Amino acid sequence: MEDDSLLHFANFSTLVLCMVLKFPQIFVLMRAKSTTGVSLNSLLLELTGFIVFVRYQMYYDYPPPTYLEYPILIAQDVMLLLLVLHYNGNLKKGLLFALVFVGGWHVLAINKWIIDLAMSLCTFISAGSKFAQLQCLWASKDSGQVSALTWAMATYTCMARIFTTLVTTGDTQVLIRFIVMTLLNTWVTSTVMYYRPKSAKKQD
């Protein structure tokens with residue numbers, strides 16, 4: 001009974017947080033009209049990882065509450081991607097990215113071995129997105145346009161998903177992914193906070 005209550009809380013809190021997860025980052029970009037410290041490669045890899053993860057969950061008919069937030073995150077990442085492309089002057093590339101992602105969505109479900117292989121690589125893809133963001137922060141030494149709140153909320157949602165995965169599907173691949181993402185999200189959050197004072201001084 002207690003596990004059921006915790007499971008419902010974990011699912012609900014994760015869904016609620018993910019409905020607004022990217023908004024702090026979106027608002028920061030819109031105010032600054034600059035993408036300093038924000039990695040385009042990280043965003044593209046994250047989107048790829050999200051799409052593979054959702055497709056995998058749907059392919060195996062996993063309970064929707066265990067992944068319901070991902071379509072919402074994908075929509076928010078698309079908004080972020082368009083903003084980054086706009087401020088970088090590369091908005092026309094958005095159509096190319098859209099075609100690649102839509103095509104990839106259909107290809108993933110053609111055969112079981114394709115979706116299984118993609119999910120095996122999903123953790124590496126998602127981890128790559130975090131390292132791309134870290135590299136961008138290390139290079140710029142400026143986290144002024146990166147939202148620490150967004151990354152902190154992402155850390156919590158991954159921790160919640162570790163619990164829900166253990167209680168529901170027990171899928172090892174999914175569990176490993178969330179453990180790795182929790183550690184890397186924590187690292188990114190810490191790095192954003194580390195460079196925050198320098199950014200604040202520049203703005204002053």
Side-chain angles (χ1 to χ4, degrees), residues 1-26 42-80 101 104-105 108-109 112-134 147-193:
M1 191 69 173
E2 185 178 346
D3 280 349
D4 286 343
S5 298
L6 286 173
L7 179 61
H8 290 317
F9 175 78
N11 282 329
F12 180 74
S13 61
T14 298
L15 180 60
V16 169
L17 278 181
C18 285
M19 289 176 71
V20 297
L21 186 75
K22 301 290 183 173
F23 284 159
Q25 182 63 76
I26 290 170
S42 172
L43 196 52
L44 291 172
L45 286 170
E46 183 175 71
L47 257 174
T48 302
F50 285 169
I51 288 170
V52 170
F53 185 77
V54 172
R55 200 60 165 141
Y56 177 85
Q57 299 274 333
M58 292 176 67
Y59 187 88
Y60 285 105
D61 292 323
Y62 282 170
T66 63
Y67 66 90
L68 195 58
E69 72 271 16
Y70 278 87
I72 300 171
L73 289 174
I74 290 171
Q76 292 178 54
D77 261 358
V78 168
M79 291 173 62
L80 261 178
F101 285 129
W105 174 268
L108 285 169
K112 182 180 181 296
W113 73 266
I114 297 177
I115 192 67
D116 286 344
L117 176 62
M119 188 60 197
S120 297
L121 298 174
C122 186
T123 299
F124 295 102
I125 294 169
S126 296
S129 77
K130 314 306 176 186
F131 281 115
Q133 181 58 62
L134 284 166
S147 171
L149 180 58
T150 287
W151 285 98
M153 288 193 295
T155 302
Y156 168 79
T157 59
C158 285
M159 291 173 65
R161 282 305 175 211
I162 291 173
F163 172 73
T164 61
T165 301
L166 284 169
V167 173
T168 54
T169 65
D171 190 307
T172 304
Q173 285 196 90
V174 174
L175 187 60
I176 290 172
R177 179 184 184 276
F178 282 125
I179 292 172
V180 172
M181 292 306 99
T182 297
L183 295 173
L184 291 177
N185 282 337
T186 302
W187 191 0
V188 175
T189 305
S190 302
T191 305
V192 171
M193 296 304 295

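Quantities reported herein were computed from a predicted structural model and do not represent experimental measurements.
Defined by atom type and a distance below 3.5 Å, a donor-acceptor pair is missing between the side-chain atoms of D116 and Y56. Counting only N and O atoms by type, the side chains of T14 and R161 include no donor and acceptor under 3.5 Å apart. In this structure, a donor-acceptor pair under 3.5 Å is present between the side chains of S120 and Q173.
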*Please report the C-alpha distance between L44 and F101 in whole Å, then the side-chain angles of each, then the deciding distance to 0.1 Å, and finally whether the side-chain contact (heavy atoms from CB on, under 4.5 Å) criterion is met.*
CA-CA 10 Å; L44 291 172; F101 285 129; 4.2 Å; yes

_V20 and Q76: CA distance, side-chain angles, deciding distance, side-chain contact (heavy atoms from CB on, under 4.5 Å) verdict_ = CA-CA 9 Å; V20 297; Q76 292 178 54; 5.7 Å; no

*With side-chain contact (heavy atoms from CB on, under 4.5 Å) as the test, would you mind laying out the steps for Y156 and S13 before giving the verdict?*
CA-CA 9 Å; Y156 168 79; S13 61; 2.7 Å; yes

*Under the side-chain contact (heavy atoms from CB on, under 4.5 Å) criterion, do V54 and W105 qualify, and how do the steps go?*
CA-CA 9 Å; V54 172; W105 174 268; 3.8 Å; yes

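Under a 3.5 Å cut-off, the side chain of S42 and the backbone N or O of S129 do form a donor-acceptor pair. At least one donor-acceptor pair closer than 3.5 Å links the side chain of T157 to the backbone N or O of A154. Q25 contributes a side-chain N or O that, together with a main-chain N or O of S147, makes up a donor-acceptor pair within less than 3.5 Å.
Heavy atoms only, all atoms of each residue included: T189 and A148 are closest at CG2-O, 4.1 Å. In plain terms, the two heavy atoms of A127 and V180 that are nearest each other are CB-CG1, 4.4 Å. Taking every heavy atom of both residues into account, P24 and L149 meet most closely at CG-CD2, 3.8 Å. Contact detail for I74 and I51: the closest heavy-atom pair is CD1-CG1, 4.0 Å. What you find for D171 and T165 is that their closest heavy atoms are O-CG2, 3.8 Å. The minimum heavy-atom distance linking I115 with V52 is given by the pair CD1-O, 4.3 Å.
Residue-environment remark: OH (Y60) exceeds the threshold of 12 foreign heavy atoms within 6.0 Å.
Here I125 contributes atom CD1 and E46 contributes atom CD; the two are 12.5 Å apart, rounded to the nearest 0.5 Å. Distance check, rounded to the nearest 0.5 Å: NZ of K22 to CG of L73 gives 6.5 Å. Atom CD1 of I176 and atom OG1 of T123 lie 7.0 Å apart (nearest 0.5 Å). Between the CE atom in M181 and the CE atom in M159 there is a gap of 15.0 Å [rounded to 0.5 Å]. For the atom pair CG (N11) and CG (L6), the distance works out to 11.0 Å, reported to the nearest 0.5 Å. The CD1 atom of I72 sits 11.5 Å away from atom CZ of F50, with the distance rounded to the nearest 0.5 Å.
For Y62 and Y67, the gap between ring centers reaches or exceeds 6.0 Å.
The side-chain heavy atoms of D77 and L80, taken from C-beta on, include a pair separated by under 4.5 Å. Two residues are said to be in side-chain contact when any heavy atoms from C-beta on lie closer than 4.5 Å; W151 and Q133 meet this criterion. Using a 4.5 Å cut-off on side-chain heavy atoms (C-beta onward), R177 and C158 make no contact.
A tilted orientation is assigned to the rings of Y70 and F53, their planes being inclined by 30° to 60°.
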